[in-house]
Protein chains: 2
Amino acid sequence: MSSQARTANGAKGASDKRRLILDAAVRVFARQGFHACRVSDIADEAGVAYGLVYHYFDSKDEVLDTLFLERWNVMLDLIRTVDAEDKPVREKLLAIASFIVESYHHDPDLMKVIIVEVTRAANSFGDTHIGTIREAYELIGGMIVKAQEEGTFRREIEPRFAAMAFYGVIEQLLTGWIFDLLPQGEEHYERAKLLVVDIVCGGLEAGPA
Amino acid sequence: MSSQARTANGAKGASDKRRLILDAAVRVFARQGFHACRVSDIADEAGVAYGLVYHYFDSKDEVLDTLFLERWNVMLDLIRTVDAEDKPVREKLLAIASFIVESYHHDPDLMKVIIVEVTRAANSFGDTHIGTIREAYELIGGMIVKAQEEGTFRREIEPRFAAMAFYGVIEQLLTGWIFDLLPQGEEHYERAKLLVVDIVCGGLEAGPA
DNA sequence: AGCCATTGACTGACCAGTCAATCTATTCTC
DNA sequence: GAGAATAGATTGACTGGTCAGTCAATGGCT
């Protein structure tokens, strides 16, 4: 008996198993890739029976969908919050970059799965979630528009392109860590956050010339 | 591998069919994705019999490997050539960005396949070709080191991070076009080339402060 | 009369998803 | 509070379809 469950119903135990399966799926997807792994691998990793995966999820796809949406929605909330604040763009972009880098720091496997299996998968999953993904780009694009109106950023740059560039730098740094092409560790994560903002803002800011 | 060099026999027709299969594969992979398509789809698209694919290639994987290596090696050659030239970094990076953007302009399907199915596929293909991919990053990293030594770029930025950032911006712009999130057309391609260099150099250059 | 290109039906393995059976816990009845 | 009834959680063997890769036969060229 786990001492954590304090509610009267057995429903607590139920959601525990669901979580167990999701967490196991992250590890399995990260290790073997979504396509290469079997549903039985997830069940084994979670220490539950094969059929239980289908008790909580309609399909293998839905497991990945759930993982992606859980995390992406947290990020969208963060971006919306930051967007609503009254701060210089530089700080806003730093907050977003920090959040994403910290997400990787905290759970590299999950971020690997999201980037490799969803964000970049133009067919299959990318297609399903394109609307959700697009929303993030649009919010960032909006921040850039505002900075252009305030005169902080040069006006001649198409904001959508700038937003993509910003996100592209971050995602490529994560990819570098995922592939073990870049050195990792807290110190590097901190410097990476600043680098992202420096690079993008440096190129976008209205020069004093 | 390839018997193209063979002169005596009807090798000409042979290599034609091989090319036909590769070109068909690009279209099919781009449309359906590598995992979702069947080898018979490739054969149908090429207008040849199923078995012929296996006459020229050992496996479905080898078809993708061939497509990736063909293109990536052309890019590596370009980068090496540019690297050897005596030009300002800005021009070197512009040449590389231009080449990649033009590659997409010339054959969007092929670039989509390379990015979506290989470059970002940490498991499966990404893993197989990681060495080849890394080489490109290292060459770009080398250019940045040189620019730092010359005093054009700030020294405190880790060159590997800067190289990843540069490549990340480009790849994300292509991804934007692939997903139809960014407007396309010759004019936009031209502006994108400049944007990439502006952003990255703007953030890396030694400030006059 | 031989050699390679080409064909396409076939097979063997694999695996997502189903389902009937079993377990466990909570509530109901007297 | 014993026992029955109900509902949900959990199990894993099984099935049905899919497809990568094989191979024996055929075509075409020199």
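Note on naming: letters A, B, ... go to the chains in the order of the sequence lines (proteins, then strands), and numbering restarts at 1 for each one.
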Donor-acceptor contacts under 3.5 Å from residues 28-35 of chain A side chains, at least two apart:
unit_1, atom_1, unit_2, atom_2, d
A:Arg31, NH2, A:Glu45, OE1, 2.8
A:Gln32, NE2, A:Asp41, OD2, 3.2

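- Atom P of nucleotide D:dA24 and atom NE2 of B:His55 are separated by 17 Å, given to the nearest angstrom.
- The main-chain N or O of A:Phe166 is never found under 3.5 Å from a side-chain atom of B:Gln172 such that the two would form a donor-acceptor pair.
- Considering only residues two or more places apart in sequence or on other chains, B:Arg80 meets the salt bridge (charged side-chain N to carboxylate O under 4.0 Å, His left out) condition with B:Asp77, B:Glu135.
- Atom CG of A:Asp16 is separated from atom P of D:dG8 by 19 Å (rounded to the nearest Å).
- For A:Asp180, the side-chain contact (heavy atoms from CB on, under 4.5 Å) partners two or more places apart in sequence, or in a different chain, are A:Gln184.
- Rounded to whole Å, atom P of C:dC4 lies 17 Å from atom CZ of B:Arg18.
- Applying the salt bridge (charged side-chain N to carboxylate O under 4.0 Å, His left out) criterion to B:Lys60, with sequence neighbours excluded, gives no partner residue.
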Protein-proximity profile, nucleotides 8-18 of chain C, B/S/- by nucleotide at the 4.0 Å heavy-atom cutoff, equals BB-----SBBB

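- By the side-chain contact (heavy atoms from CB on, under 4.5 Å) test, B:Asp58 pairs with B:Glu62, sequence neighbours left out.
- What separates NZ of A:Lys17 from P of D:dG8 is a distance of 17 Å, to the nearest Å.
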